[in-house]
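For the numbers below, each heavy atom of this structure counts, side chains included, while hydrogens, waters and symmetry mates do not. Sequence lines set the chain letters: A, B, ... in the order given, protein chains first and strands last, and positions in each chain run from 1.
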Protein chains: 2
Amino acid sequence: MITKILIAEDHESANISVQKTLEELGITDIAYAYYCDDALNRIIQAVKAGSSFDLLITDLSFEPDGHKQTLANGMELITAARKEQPDLNVLVFSAENRPTVIEQLYNNYEIDGFVRKARNDARELKEAIHEIGRHRRYFPRHISQLIDKKNTYSFSDVDITIIQLLAQGTLQKDIPVYLQRKGITPSGLSSIEKKLNHMKSVLGFTKNEQLVAYCKDIGAI
Amino acid sequence: MITKILIAEDHESANISVQKTLEELGITDIAYAYYCDDALNRIIQAVKAGSSFDLLITDLSFEPDGHKQTLANGMELITAARKEQPDLNVLVFSAENRPTVIEQLYNNYEIDGFVRKARNDARELKEAIHEIGRHRRYFPRHISQLIDKKNTYSFSDVDITIIQLLAQGTLQKDIPVYLQRKGITPSGLSSIEKKLNHMKSVLGFTKNEQLVAYCKDIGAI
DNA sequence: TACCAGATTACGGTTTTCCGTAAAAAATGG
DNA sequence: CCATTTTTTACGGAAAACCGTAATCTGGTA
């Protein structure tokens, strides 16, 4: 059963509406934070006091506003929080809608639920909390639809290096010298062309710009 | 004095938080709509009944969800609403942060206030409503900061469209037909080259891949 | 109407990328 | 060691992007 919840959300209005939604569920033990660092501190304090949180509801993007923060975003908060309290349930509440990013949250960050800020988000929040309370992960239908058609490619280090160079403005024909300088083989221009062609064909792309966009999406570069 | 307010906002959670914020201001006569068309109908009905709204609080982007809508977004709603009730006060509540778009809202759509969905948005909403109640326009400080921010280039809608097409794999030479199909001018290949060159030179880039990476980073695409 | 200034488009030459083929080098196996 | 296969590199023609210049269109003005 979920009774004690921490909300990490920098937008005041979103924070308010989550609180209100929780109250409608009869949950009264609510703490909230506008900064990731603040959220992590509350988790640490609660663990120390022996009254840890049952659930963390967090956004992904936190806008910098001058205050120095060690945690830059929700994903870093999740990692840090789980280090302090491994059994903490995590529900992500975000406007993110890129399937690859959401998939990463479930697979790498092992979150327990994701609710997208969208039309019926308040209702979905209630459903999600209900499910998580029954020790089930909440996986919205529209997400699984998106993720099912996944054509994922696992990039090698050299692949990433090449795409990074492109994203930095390096001409394709100049990449060989960069690779040679780092002692990376193969470094021939033809090999680079071949690697790029292979990546693009696997992912169904035709242009380098698509590769750059895709790698940005999944956080590979 | 503002006593009767209509909220047009498709996100349930955002809608809730605006309602709550208004209640804290002692405003009880609140109507809300999840669709632009619905919002316009309520305005029409209220005018007919001789009990028109004092203020419309509206989002800009409304996500399509199958229901056929004649009004596609908040800007169309504003235009249509003012046609029915020219003296209607309008407050835009949106995540939009492109200075040029916000400027347009003030200049072309003659809105009375803009509050960006961000850290202190609930407090700003209260301030905005207070100001508008005193027949003053509300122009948040951070907007002017954005407008005279250097280093960052403010992308126009066409700029974004072009970069999106590139990131989708469209050949540069094929972009003109896409723009023509959408009725966007200029659509000549030379104009597109010129726009891309301008963006790149302002940002210190040399390749389109850099533009795509940059726009992904700042969330412009 | 005629004219001008700015915006838009068309054009041509150069550079870069794309892509198929083939030579060279390296790894594999007996 | 040689023979075979795989990987890497080199080469060349075609397509696309790049870039400067010139022609055309447009809206405003006298």
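- Salt-bridge annotation for B:Lys68 and B:Asp37: absent, with no side-chain N of the basic residue lying under 4.0 Å from a carboxylate O of the acidic one.
- Atom OH of B:Tyr34 sits in a crowded spot, with more than 12 heavy atoms from other residues, nucleotides or ligands closer than 6.0 Å.
- Summarising the geometry, atom OG1 belonging to B:Thr185 is positioned 10.0 Å from atom CD belonging to B:Gln180; distances are rounded to the nearest 0.5 Å.
- DNA chain C is contacted by B:Pro186, B:Ser187, B:Gly188 of residues 180-188 of chain B, taking any non-hydrogen atom closer than 4.0 Å.
- First and last contacting nucleotides of DNA chain C toward chain A (any atom under 4.0 angstrom from a heavy atom, 5' to 3' order): C:dT16 to C:dC19.
- Looking at A:Asp65 and A:Tyr35, their side chains do bring a donor and an acceptor atom within 3.5 Å of each other.
- Within a 6.0 Å sphere centred on OH of B:Tyr32, heavy atoms belonging to other residues, nucleotides or ligands number 12 at most.
- Taking five base pairs at each end of the helix from C:dT1-D:dA30 to C:dG30-D:dC1, the local helix axes there meet at an angle of 20°, rounded to 10°.
- Regarding A:Lys194, its NZ atom lies at a distance of 16 Å from the C1' atom of D:dC11, rounded to whole Å.
- A:His135 meets the ring pair (Phe, Tyr, Trp, His ring centres under 6.0 Å) test with no other residue; sequence neighbours excluded.
- Ring geometry for A:Tyr214 against A:Phe155 counts as tilted: the plane angle lies between 30° and 60°, on a 0 to 90° scale.
- Electrostatic pairing of B:Lys126 and A:Glu12 does not count as a salt bridge here, judged by no charged N lying under 4.0 Å from a carboxylate O.
- Rounding to the nearest 0.5 Å gives a distance of 11.0 Å between CD1 of B:Ile129 and CG of B:Asp54.
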Expected string for nucleotides 15-22 of chain D under the B/S/- scheme (protein heavy atoms, under 4.0 Å, primed atoms plus P, OP1, OP2 as sugar-phosphate) is -SSBB---

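- There is no side-chain donor-acceptor pair under 3.5 Å between B:Glu193 and B:Asn197.
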Take B:Arg82 and B:Asp112 through the test salt bridge (Lys or Arg N to Asp or Glu O under 4.0 Å) and record every step on the way to the result. CA-CA 12 Å; B:Arg82 280 270 171 71; B:Asp112 301 283; 3.3 Å; yes

Sequence neighbours excluded and cut-off under 3.5 Å, please list the side-chain donor-acceptor pairs for residues 163-176 of chain B, or say none.
| from | atom 1 | to | atom 2 | distance (Å) |
| --- | --- | --- | --- | --- |
| B:Thr170 | OG1 | B:Leu165 | O | 3.0 |
| B:Gln172 | OE1 | B:Asn208 | ND2 | 3.0 |

